[in-house]
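Atoms considered below: every heavy atom in the structure, side chains included; atoms not considered: hydrogens, waters and symmetry mates. Chain naming here is simple, since letters A, B, ... match the order of the sequence lines and numbering starts at 1 in each.
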Amino acid sequence: MIGAPAKCLVWLCLLCMAVAPRYLSAEEAKADSTTQSDPAKEEAKPELNPEQEVLARALQSVLKVELSFLNRVADLTDKQLAQAIAIGKSQVEDEVRRFSQNAGRQDRLVIRMAQGVERRSANLRDTLESALHLRFQELLQEDQQRKYASELEMRAKYEKQAVVDYLVSAFDSRLHLNAEQRTEITERLLQVPGGSLPEIQMVTQYGQYLPKMDDQKILPSLNEDQRKILSGIQRVTFSSSNHLEANRPFIVDDIDLEIEIDP
Amino acid sequence: MNSTSARFSAPLFLLALGCLLCAGCFARPAHGQFVAAQNTFTMTQQQFDGWLTGGGGNQTVESQFTAQLTLKIAEIAPVCDLTPQQKEQLELAGKADLGRFMRRVAVVEAKLVGKTLDINEAYQQVAPFTSELRKGLCGEGSLFQKVLNHVISEEQLEIIHQAREQRWQHQYRSAVRVQIAMLQRMLAMTQKQREELELLFRPPSAPFDVQNSNLQILVYYQMSKIPEEKLEPIFDNHQVEALNRFRSRFSGYGQHLRQQGIQIDDE
C-alpha cells in the first residue's frame, strides 16, 4: 500500500508535467514541425480567432521574405510557387495555433536586460522559418534542393559571422585587442552554438555594455591588464522575445499571397 | 459615541494627521526622484557620478580613466620597449590630464549636485563631459600625447597607428556586416548579393574610437547615399524598391555625424 506522502508526490509530479510551460529549442521546434498538417485536411482545423488572425497577418511578412528567397534561389515554376504559398500559409496558421497554446508569454518585441548568461528560447519567427525551410525542401527537385540548402547554410553562416565579428569589435573597443587576439576570440566564438549568441537584431545594443558570456572564450587570449579591465566592465545580456518585425514596411514585395499585409 | 471615546479619538486623529504632515516634510527623495510634476528633480552625487560615467556600472571616473590609461600604455609598451622611467612619465602625464578634467568637472558638479533642476538642462551640462571621458582624455592635445611624442620614435608611432587603423577597419566592417545581415530579413538576399553589397561600403577617414551608436548611424547614412545605379546590377527591381524605402529614412543623418566629429565623404 502506497503511503500518503508518496501519493501526494506522485500527484504533484503529474500536476507539474501538465502545467509546466514548454520552451522549445529551435531543434525541438523543427522536430515538432515535421508532424505537419496535410493541406488536404485544412477543413478539419478550427478557424483562427481574431487575436490569432492578427498574429497570422503579422507573420505574413516573414512568409513573404522566405518565399521570395526560395523563388530567387530555386527559380520555382508557377506550380511550385503556388504550392509553396499554400504550404506557407498553412504553416503560419499552425505556428499561430501552437503559439497560442502557450499564450501570454510573447506578444511583442521586448528588450530586457538580464544579469546572466542565458540560452535564448527559439522565438516564433525562428520556429516558423525552420518549419518553412523543411517543408519547402519537399517541393523542390534535386538540383533546386541543393541550391536552396546551400544558400540557407550560407545565410546562417553569414549571420553568425556578423554577430561574432560585432561582439569581438565591442570587446576590442574596450580592451584594445591586437590582430592575433581578435582572430583567436573570433574562432572560439564561432564554435559556440548559434542559440547561445545574441540575436542579430539585438547585437548592436552592445556598445557601451559588453555581453555576458562564457569568459573561457575570451580570457585565454587576454593579457593581465586586459583581464583587470574586463573585470571592471558591466556585463549584460539583451534579449528579445519577438515575433513582430519592426521593419515590416520595408520587406521585399514580389510575392502575392492574396492577403493584405499590415503596414 | 460616549464622552470618553470622544475625548481620546479627537487627539488621536490630530496626532495621526500631524505625523503624516511631518513625514511629508522630512521625506528625503531618492536620488534623481522627481519632486514636482514638472520636469525637475534634485540631483544627488550618485546621480551626477552615474551621468558622468555614462551609467558605467560600478566604474568611477578615476577607474574608467585608469583603465583607459592602462590600455594606452599597454598598447605602446610592447612596440616601443618602454623603460620603467618612460612608463612613469606617461602615467604622470595621464594623471595630469585627469586632474585637469576633474577640475573642470568640479565646477559643474558644484552647480548641479544638491540643487533642484530641470532635468534636460542638467543633462546638457553633464553630457559633454561624459562624451569627453568616453572618447578618452589622452588623445590629441593632451599632456599624455605630448610626452608620448617625445618618448617614442616616428617609426614606432607609425606601428601604433597601423594597429589602430586595423581596429577601426575591423569595427567598421563588422558594423556593415551586421546591417546587411539584418537587411537580409527584409530583402531575401543571396550570398552573392550580400557580398556585392558589402563592397559598396567604404570606411571614411574617422576617429579611431568611434562610438558604436555613431558607427551604426554612419553605416545607415552611407547606405542611404549609395547611388541607385550601383544597386540595380546587384538586386532585382522589387529588392531595390524595398531597399529604397528602408534607406530613405537615413539620408538626413549627415549633419548629426559631422557634429560628432565624424568625417564623411558625400558623393
Exercise. Which heavy atom in A/Ser169 sits nearest to a heavy atom in B/Gln171, and how many Å separate them?
Worked result: OG-CG, 3.1 Å
For this session: Count the heavy atoms of every other residue, nucleotide or ligand shown that sit under 6.0 Å from CD of B/Glu132, and state whether that count exceeds 12.
Result: yes
For this session: Count the heavy atoms of every other residue, nucleotide or ligand shown that sit under 6.0 Å from CG of A/Asp78, and state whether that count exceeds 12.
Result: no
For this session: Would you check, one step at a time, whether the test side chain to side chain contact (heavy atoms under 4.5 Å, CB included) holds for A/Val168 with B/His170?
Result: CA-CA 9 Å; A/Val168 170; B/His170 184 270; 3.9 Å; yes
Exercise. Shortest non-hydrogen contact from A/Val252 to B/Ala188?
Worked result: CG1-CB, 4.4 Å
For this session: May I ask you to check whether over 12 heavy atoms, not counting those of A/Lys160, lie within 6.0 Å of atom NZ?
Result: yes
Problem set entry | Option from A/Glu153, A/Arg155, A/Glu151, A/Lys157 for which side-chain contact (heavy atoms from CB on, under 4.5 Å) with B/Gln191 holds | A/Glu151
Exercise. Which bit of B/Glu241 is near chain A, if near means a heavy-atom gap under 4.5 Å: side chain, backbone, both or neither?
Worked result: neither
For this session: Answer yes or no: is there a side-chain heavy-atom contact under 4.5 Å between A/Val163 and B/Val178?
Result: no
Exercise. What closest approach, in Å, do B/Met186 and A/Val65 show between heavy atoms, and which atom pair accounts for it?
Worked result: O-CG2, 4.0 Å
Exercise. Tell me, side chain or backbone of B/Gln193 under 4.5 Å from chain A's heavy atoms, or both, or neither?
Worked result: side chain
Exercise. By number, which residues in residues 181-192 of chain A have some heavy atom less than 4.5 Å away from chain B?
Worked result: A/Arg182
Problem set entry | Heavy-atom proximity to chain A below 4.5 Å, by part of B/Gln169 | neither
Exercise. Within a reach of under 6.0 Å around CD of B/Glu232, are more than 12 heavy atoms found that belong to other residues, nucleotides or ligands?
Worked result: yes
Exercise. CD of B/Gln239 to CZ of A/Arg72: how many Å apart, nearest 0.5 Å?
Worked result: 3.5 Å
For this session: Apply side chain to side chain contact (heavy atoms under 4.5 Å, CB included) to the pair A/Phe69 and B/Gln184, showing each step before the final yes or no.
Result: CA-CA 10 Å; A/Phe69 181 75; B/Gln184 157 65 31; 4.1 Å; yes
Problem set entry | A/Tyr166: which of B/Gln179, B/Gln216, B/Arg173, B/Arg177 passes side-chain hydrogen bond (donor to acceptor under 3.5 Å, both in side chains) | B/Gln216
Problem set entry | A/Asn178 portion near chain B, given a 4.5 angstrom heavy-atom threshold | neither
For this session: State whether A/Tyr158 and B/Arg194 meet the cation-pi test: NZ (Lys) or CZ (Arg) under 6.0 Å from the six-membered ring centroid, and within 45° of the perpendicular axis.
Result: yes
Problem set entry | Contact class of B/Asp236 relative to chain A, heavy atoms under 4.5 angstrom | side chain
For this session: Identify which part of A/Leu177 has an atom lying under 4.5 Å from any heavy atom of chain B, answering side chain, backbone, both or neither.
Result: backbone
Exercise. Salt bridge or not for B/Arg185 and A/Glu129, using N-O below 4.0 Å?
Worked result: no
Exercise. Going from CD on A/Gln161 to OG on B/Ser174, what distance comes out if it is rounded to the nearest 0.5 angstrom?
Worked result: 10.5 Å
For this session: Considering non-hydrogen atoms only, spot the tightest contact between A/Phe250 and B/Arg245 and give its length.
Result: CE2-O, 3.5 Å
Problem set entry | Approximate separation, where rounding is to 0.5 Å, of B/Thr70 OG1 and A/Leu175 CG | 12.0 Å
Exercise. Just how far is it from atom CD of B/Gln68 to atom CD1 of A/Ile229, taken to the nearest 0.5 Å?
Worked result: 9.5 Å
